[in-house]
> 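I am attaching a structure below and will ask some questions about it afterwards.
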Amino acid sequence: MSRIRIEGLLAAFPKLVGSGKQHTYVETENVRYVYQPLESLFLLLVTNKQSNILEDLDTLRLLSKLVPEYCQVTLNTYEHQPLDEEMIQRYSFDLLFAFDEVISFGYKENVTLQQVKSYTEMDSHEEKLHKMIIQSKINDTKDVMKKKANEIDKTKVDKMREGSGKGFPGLGSISSSGGLGGFMSEKEGDMFGSGNVGGSTSNFEEMSDGFPQEQVSRKPEPASNISSAPKKGMSLGGRGGSTNKFLEAIKAEGEMVDAGIPSRATPAAAVAAPLAQLPTENVVIAIEEKLIVTLKKDGGLESMEVQGTMALEVLNEEDAFIRVQIEAGPNKGFQFKTHPNIDKALHSRENILGLKDPNRPFPTGSPLGVLKWRMQTSDESMVPLSINCWPSTSGNESYISIEYEAIPDFDLHNVVISVPLPSLSSPPTVNQVDGDFQYDPRRSVMDWCIDLIDNSNRSGSLEFVVPAVDSDAFFPVEVTFSSKQTFCDVKIVGVSSVEDGSGVKYLSSTDLSVGSYVVV
């Protein structure tokens with residue numbers, strides 16, 4: 001279709017559209033206009049007359065949800081943000097990308113609102129993991145830089161100590177050996193009056209900080225006795241100045257480095273303190289489970305699946321020749337699968353995860369999934385969080401009561417229960433809530449937020465009121481949360497070296513997250 005043809009169709013639409021109609025269509029001799037008012041604008045879908053009107057209306061309904069999704073900002077207040085031509089132009093590219101995911105080559109794709117958001121955001125778990133690895137390497141490099149800086153600082157202190165033992169016991173001996181030329185003029189109070197110090201004033205002040213105070217205050221011999229002495233007394237201070245410039249450059253990059261000279265009495269203790277903060281775990285083991293649950297709006301469980309992974313990451317090649325000792329419970333209904341390079345016989349016999357070839361190291365710098373498991377069930381008692389939604393209509397208002405009930409096996413963090421709402425001109429009225437709530441006009445969703453569900457609040461409820469609408473408009477209800485407990489009873493007992501069986505320090509984490517949790 002040419003551009004002139006498209007512009008002609010759009011120019012004819014305002015003459016054909018009526019007033020006081022919503023979610024309707026207008027037909028001409030060749031095309032059908034399916035449109036929906038959006039405040040002061042129209043969302044228009046142009047099709048041929050042979051297309052299915054029901055599919056066209058379904059496509060228009062999905063597009064009408066995408067427009068406020070990408071054109072309005074989530075508001076924590078109840079202020080309504082108008083949808084006008086300026087806002088459409090501002091987010092035009094976002095809308096084009098979203099519409100392109102819905103309509104391809106003139107036909108509607110079988111996608112949902114959440115899938116369109118996921119496709120346009122291009123959120124990649126592998127990309128996040130790669131960025132975490134890169135950040136870990138950057139942090140390790142910064143730690144090495146801190147260590148080098150402290151070693152330089154320690155070397156500086158040691159050289160100053162050697163210099164003080166040979167020719168710098170105090171300023172009196174400096175006078176006899178000719179370290180400083182013209183330290184004082186003939187008038188004792190005029191510092192650096194007529195002599196040449198052989199270095200900057202600031203360097204001398206830095207050097208004098210490393211000596212006892214009584215030696216610094218000792219009166220030097222007359223300047224005439226030392227004026228012809230070689231000016232090598234300030235050479236140590238000059239090197240210290242360059243070291244300080246290096247430390248200042250490190251601090252300019254945001255690092256916390258102590259640029260001061262450690263005291264003469266305890267230089268080793270001052271240098272050893274930062275080194276003790278360096279990370280010592282070169283093996284990281286992450287146990288992650290993803291939960292996929294579909295609940296029925298009339299009650300009961302439709303499906304539930306648990307997918308788990310144990311990922312091993314080795315940060316240092318020296319610790320790559322290892323084995324992982326695990327401990328597993330009964331885990332009824334779970335199916336386990338090891339990585340192809342893992343010794344399956346050793347795992348089934350001794351619960352040890354090790355490579356088939358003991359002379360082969362684990363890969364370093366990237367996580368490796370060494371063990372996976374999966375469980376499917378229709379047992380409703382295993383659902384960690386049950387949701388009951390009770391919409392009812394009375395007169396011109398719809399009352400929505402939502403209840404949750406959590407089992408005692410899990411403490412759930414950052415729980416968000418999202419209830420879809422019809423397009424509203426004003427926010428819903430909340431009569432009762434356990435926790436917090438937030439109305440998102442951009443997504444037309446009521447978010448019920450509970451920071452933590454534990455033994456103090458295993459159940460709760462939310463009740464709010466909106467203008468009368470069909471009860472199906474409040475579904476599907478979506479739920480997200482996280483937990484430190486997992487369904488599969490798998491624990492890390494220890495990590496040992498393949499060569500001598502000695503223990504290897506490791507860091508482990510456990511996490512349960514939601515892949516999909518809906519009430520339909």
Side-chain angles (χ1 to χ4, degrees), residues 3 6-7 9-10 13 17 22-25 33-47 55-125 127-128 416-428 437-449 466 469 473-480 514-518:
R3 175 180 176 180
I6 295 175
E7 291 178 348
L9 293 174
L10 295 179
F13 172 71
V17 68
Q22 290 186 354
H23 299 279
T24 186
Y25 65 93
Y33 297 92
V34 186
Y35 66 94
Q36 175 183 341
L38 293 178
E39 299 186 10
S40 61
L41 304 174
F42 283 98
L43 180 61
L44 176 63
L45 186 66
V46 183
T47 67
E55 291 183 359
D56 295 341
L57 290 174
D58 183 60
T59 303
L60 184 66
R61 196 175 301 114
L62 178 56
L63 295 178
S64 66
K65 293 180 180 179
L66 289 175
V67 173
E69 179 74 24
Y70 286 91
C71 291
Q72 292 183 350
V73 181
T74 303
L75 302 176
N76 292 324
T77 63
Y78 293 145
E79 179 184 357
H80 178 67
Q81 189 171 2
L83 184 66
D84 52 16
E85 183 177 357
E86 181 183 354
M87 182 171 292
I88 294 294
Q89 291 178 349
R90 186 188 312 167
Y91 298 100
S92 58
F93 284 102
D94 294 331
L95 285 174
L96 286 174
F97 295 146
F99 287 177
D100 185 60
E101 297 294 339
V102 177
I103 301 175
S104 178
F105 297 101
Y107 295 94
K108 179 182 180 298
E109 295 286 342
N110 187 20
V111 294
T112 63
L113 179 63
Q114 295 299 327
Q115 287 176 328
V116 172
K117 289 174 58 181
S118 177
Y119 296 157
T120 54
E121 290 174 359
M122 294 183 291
D123 192 11
S124 171
H125 175 72
E127 180 182 4
K128 290 182 179 179
V416 179
I417 302 173
S418 301
V419 183
L421 302 178
S423 299
L424 303 176
S425 59
S426 60
F437 71 93
Q438 177 178 320
Y439 170 59
D440 186 347
R442 181 170 65 91
R443 298 185 297 137
S444 192
V445 168
M446 172 70 82
D447 288 330
W448 182 14
C449 308
V466 297
V469 70
F474 305 105
F475 296 94
V477 178
E478 298 183 355
V479 185
T480 61
V514 170
S516 174
Y517 205 111
V518 294

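For clarity, every value in this text was computed on a predicted model and none was experimentally measured.
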> Should Y439 and L421 count as side-chain neighbours, where that means a heavy-atom distance under 4.5 Å?
yes
> Any side-chain heavy atom of V477 within less than 4.5 Å of one from V518?
no
> How long is the gap from OH on Y107 to OG1 on T59, to the nearest 0.5 Å?
12.5 Å
> Identify, with sequence neighbours excluded, every residue that meets ring pair (Phe, Tyr, Trp, His ring centres under 6.0 Å) alongside F97.
none
> Quick one: side chain to side chain contact (heavy atoms under 4.5 Å, CB included) partners of V445, sequence neighbours excluded?
S418, R443, D447
> Report the residues that fulfil salt bridge (charged side-chain N to carboxylate O under 4.0 Å, His left out) with E7, sequence neighbours left out, ordered by chain and then residue number.
R3
> Heavy atoms only: give me the nearest V116-Y70 pair and the separation to one decimal.
O-OH, 3.8 Å
> Does a side-chain heavy-atom distance below 4.5 Å link V46 with F13?
no
> Please list, chain by chain and in numerical order, all residues satisfying ring pair (Phe, Tyr, Trp, His ring centres under 6.0 Å) with Y517, sequence neighbours excluded.
F481
> So, taking the atom named CG in L44 and the one named CG in L38, what distance separates them when rounded to the nearest 0.5 Å?
11.0 Å
> Start with the C-alpha distance between L60 and Q36, add both sets of side-chain angles, then the distance that settles side-chain contact (heavy atoms from CB on, under 4.5 Å), and finish with yes or no.
CA-CA 8 Å; L60 184 66; Q36 175 183 341; 3.9 Å; yes
> Looking at every heavy atom in both E101 and V111, which two are closest together, and how far apart are they?
O-CG2, 3.8 Å
> Can you see which heavy atom on P420 is nearest to which on P476, and at what distance?
CD-O, 3.2 Å
> Applying side chain to side chain contact (heavy atoms under 4.5 Å, CB included), name anything that partners I88, two or more places apart in sequence or on another chain.
L41, V67, C71, L83, L95
> Are side-chain heavy atoms of W448 and V419 found at a separation under 4.5 Å?
no
> Report the distance from atom OH of Y25 to atom OH of Y33, rounding to the nearest 0.5 Å.
15.0 Å
> Can a donor-acceptor pair be found, under 3.5 Å and without considering hydrogens, that links the side chain of Y91 to the backbone of P68?
no
> Return the minimal non-hydrogen interatomic distance between F474 and P422, and the atom names on each side.
CE2-CD, 4.2 Å
> In chain order, what residues pass the side chain to side chain contact (heavy atoms under 4.5 Å, CB included) check against T112, with sequence neighbours excluded?
Q114, Q115
> For the pair L66 and F99, evaluate side-chain contact (heavy atoms from CB on, under 4.5 Å) and give the outcome as yes or no after the intermediate values.
CA-CA 8 Å; L66 289 175; F99 287 177; 4.1 Å; yes
> Please list, chain by chain and in numerical order, all residues satisfying salt bridge (charged side-chain N to carboxylate O under 4.0 Å, His left out) with D58, sequence neighbours excluded.
R61, K108
> Listed by chain and number, what are the side chain to side chain contact (heavy atoms under 4.5 Å, CB included) partners of S426, not counting sequence neighbours?
none
> What residues form a side chain to side chain donor-acceptor pair (under 3.5 Å) with T47, not counting sequence neighbours?
S51, D56
> In chain order, what residues pass the side chain to side chain donor-acceptor pair (under 3.5 Å) check against E86, with sequence neighbours excluded?
none
> Calculate, to the nearest 0.5 Å, the distance between atoms CG and CD belonging to D100 and E109 respectively.
9.0 Å
> Give, for atom CG of L45 and atom CG of L62, the distance between the pair rounded to the nearest 0.5 Å.
11.0 Å
